[in-house]
2 protein chains.
Amino acid sequence: MGRPRRFDRDAALDQALQLFWEQGYDATSIADLTRALGISAPSLYAAFGDKRALFDEAVARYEASPRSVTTAGTAGRTPREVLGAMLDVAVREYVDEDHPRGCLVNSSPELADRRAANRAATAAHVAQVTGVAADPDPGRDPATLAAFAHALLIGLSSSARDGADGAQLARIAELALRAVPE
Amino acid sequence: MGRPRRFDRDAALDQALQLFWEQGYDATSIADLTRALGISAPSLYAAFGDKRALFDEAVARYEASPRSVTTAGTAGRTPREVLGAMLDVAVREYVDEDHPRGCLVNSSPELADRRAANRAATAAHVAQVTGVAADPDPGRDPATLAAFAHALLIGLSSSARDGADGAQLARIAELALRAVPE
DNA sequence: CAAGTTCTGTAGTGATCGATACAGAACGGT
DNA sequence: ACCGTTCTGTATCGATCACTACAGAACTTG
């Protein structure tokens with residue numbers, strides 16, 4: 001009951017995600033959001049809480065989308081297959097023209113905790129898929145492989161933001177894969 | 001002639017660099033700077049111009065210091081030696097406790113142009129030292145080697161900021177080096 | 001000493017930040 | 001039709017932003 005909301009909450013959330021993705025959290029003001037979302041500030045606060053809650057919800061939406069690179073490559077068996085699948089998804093995703101370039105999580109200073117979680121998740125994923133436990137050889141150690149992949153994804157994300165095209169990213173990924181055992 | 005400046009301009013510039021490095025450009029306010037530098041706002045503006053000019057001067061100071069990774073590894077001959085030297089310097093530098101973690105240039109959104117310049121400089125450096133011109137093999141192409149190194153440096157910088165220790169960074173670098181031919 | 005110049009702190013500029021008080025509008029339940 | 005509830009826009013809150021007008025203090029020069 002009560003007066004119904006005049007705007008589509010999900011569409012507004014997508015708009016907010018788009019803005020945060022393009023400009024970052026700090027650089028996106030409430031005024032920017034109300035303009036892009038086509039609603040007034042009180043409606044925004046009533047629907048989403050405060051700015052940070054809106055950002056967190058947008059990030060959750062981002063992470064829930066099939067863009068997620070972390071769990072890509074489930075089909076692989078060897079470390080190279082697993083990391084290769086992740087890099088493939090990333091290279092395509094980071095220059096996709098349907099949305100801003102790069103990865104929202106990997107290029108947001110305020111999401112360091114999510115990056116840590118992603119690295120841990122990647123390490124567990126690699127260990128599970130390849131069946132390899134901790135190993136002194138960096139090429140066989142799931143934690144090192146995950147940290148390597150994670151660092152590369154961040155580098156690819158930043159390169160995409162700085163203007164690199166898909167072919168350049170693909171060459172980087174191809175070269176990087178040579179470090180990883182079959 | 002006239003009243004002499006009461007503070008050390010170079011020391012103040014170092015303090016400003018420290019703050020920008022820790023917090024980033026946007027997150028560092030003039031109030032933060034006047035507090036850390038121990039001077040009032042008019043003195044700061046008289047000495048450095050405006051906030052962006054102060055930032056640019058601090059970045060120039062940063063790039064002029066021997067921290068620069070881009071030109072490291074001049075001694076090397078093979079791509080692996082050149083990149084290995086760069087990664088060695090970076091791994092040590094990014095966790096050095098004498099200053100904030102990571103690389104100021106690689107973690108500042110407003111310095112995308114400097115990153116592009118660094119990538120180009122690295123490519124020229126690799127080409128000159130190894131004597132290799134453009135090559136279809138990613139492992140022999142200076143531009144791809146430079147882009148790979150650049151992406152890795154950004155990933156290492158971000159990982160250091162997110163809390164990775166020197167040993168972790170070293171393992172990433174060791175693994176990455178396996179991608180690069182002798 | 002006095003004049004000229006430059007730095008100093010106090011205090012405040014307009015603009016923008018995130019966030020809200022308030023009143024009217026639009027609905028469901030009775 | 002009326003009431004309670006919830007959303008709506010207007011208009012504004014205090015805080016903070018980058019930045020500066022102003023006047024006195026501290027120096028060099030004559």
Side-chain angles (χ1 to χ4, degrees), chain A residues 1-62 104 107-113, chain B residues 1-62 104 107-113:
Chain A
M1 68 161 70
R3 178 174 176 174
R5 181 174 288 128
R6 225 171 61 96
F7 63 95
D8 183 334
R9 196 178 184 279
D10 279 351
L13 194 53
D14 278 335
Q15 276 289 333
L17 169 57
Q18 183 87 5
L19 262 187
F20 283 131
W21 199 347
E22 280 173 6
Q23 308 180 346
Y25 178 77
D26 278 333
T28 303
S29 68
I30 298 292
D32 288 338
L33 290 163
T34 57
R35 200 180 313 118
L37 274 55
I39 62 177
S40 60
S43 298
L44 186 153
Y45 280 88
F48 299 104
D50 60 9
K51 185 187 177 187
R52 180 64 200 220
L54 171 56
F55 179 66
D56 287 340
E57 197 169 341
V59 170
R61 193 177 186 77
Y62 174 79
L104 173 64
S107 51
S108 296
E110 41 282 304
L111 294 179
D113 55 338
Chain B
M1 69 161 71
R3 177 174 178 175
R5 182 175 284 127
R6 224 171 61 96
F7 62 94
D8 183 335
R9 196 178 184 281
D10 279 353
L13 194 53
D14 278 335
Q15 276 289 333
L17 169 57
Q18 183 86 5
L19 262 186
F20 282 131
W21 199 346
E22 280 173 7
Q23 308 180 347
Y25 177 77
D26 278 332
T28 303
S29 69
I30 298 292
D32 289 338
L33 290 164
T34 57
R35 202 179 312 118
L37 274 54
I39 62 178
S40 61
S43 299
L44 186 154
Y45 279 89
F48 298 105
D50 61 7
K51 184 186 177 185
R52 180 63 198 220
L54 172 57
F55 179 66
D56 288 339
E57 198 169 339
V59 171
R61 192 176 187 76
Y62 173 80
L104 173 65
S107 52
S108 296
E110 42 280 308
L111 294 179
D113 54 338

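To find a chain, count down the sequence lines: A is the first, B the second, and so on, and within it residues start at 1. We use all heavy atoms of the structure for the numbers below, so side chains are in, but hydrogens, waters and symmetry mates are not. Owing to the predicted nature of the structure, the values given are computational and were not obtained by experimental measurement.
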Could you run down the sub-3.5 Å N/O contacts of the protein with nucleotides 2-7 of chain C?
{"residue": "C:dT6", "atom": "O2", "partner": "B:R3", "partner atom": "N", "Å": "3.3"}
{"residue": "C:dC7", "atom": "O4'", "partner": "B:R3", "partner atom": "O", "Å": "3.2"}
{"residue": "C:dC7", "atom": "O2", "partner": "B:R3", "partner atom": "NH1", "Å": "3.3"}

Please list each protein N or O that sits under 3.5 Å from an N or O in nucleotides 17-19 of chain D, with the distance.
{"residue": "D:dA18", "atom": "OP1", "partner": "B:K51", "partner atom": "NZ", "Å": "2.7"}
{"residue": "D:dA18", "atom": "OP2", "partner": "B:I30", "partner atom": "N", "Å": "2.8"}
{"residue": "D:dC19", "atom": "OP2", "partner": "B:Y45", "partner atom": "OH", "Å": "3.0"}
{"residue": "D:dC19", "atom": "OP2", "partner": "B:K51", "partner atom": "N", "Å": "3.1"}
{"residue": "D:dC19", "atom": "O5'", "partner": "B:Y45", "partner atom": "OH", "Å": "3.4"}

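Side-chain contact check for A:L54 versus A:L13: some heavy-atom pair is nearer than 4.5 Å.
Among pairs with a residue in residues 40-52 of chain A, those fulfilling salt bridge (charged side-chain N to carboxylate O under 4.0 Å, His left out) read A:R52-A:D56, at least two apart in sequence or across chains.
Evaluation of the ring pair (Phe, Tyr, Trp, His ring centres under 6.0 Å) rule for A:Y25 yields A:F20, A:F55 as partners, not counting sequence neighbours. Checked against salt bridge (Lys or Arg N to Asp or Glu O under 4.0 Å), B:R35 has the following partners two or more places apart in sequence or in another chain: B:D32. Every residue two or more places apart in sequence or in another chain that forms a side chain to side chain contact (heavy atoms under 4.5 Å, CB included) with A:D26 is listed here: A:E110. By the side chain to side chain donor-acceptor pair (under 3.5 Å) test, B:T34 is found to be paired with no residue, residues two or more places apart in sequence or in another chain being considered. Every residue two or more places apart in sequence or in another chain was checked for a side chain to side chain donor-acceptor pair (under 3.5 Å) with A:S108, and none qualifies. The ring pair (Phe, Tyr, Trp, His ring centres under 6.0 Å) test applied to B:Y45 returns no partner, not counting sequence neighbours.
A:L33 places its CG atom 16 Å from the P atom of C:dT16, with the value rounded to the nearest Å. The CG-P distance, from A:L19 to C:dG18, rounds to 12 Å in whole Å. The nearest whole Å value for the distance from the CZ atom in A:R35 to the P atom in D:dG9 is 15 Å. Atom CG in A:L37 sits about 16 Å away from atom C1' in D:dG9, given to the nearest Å.
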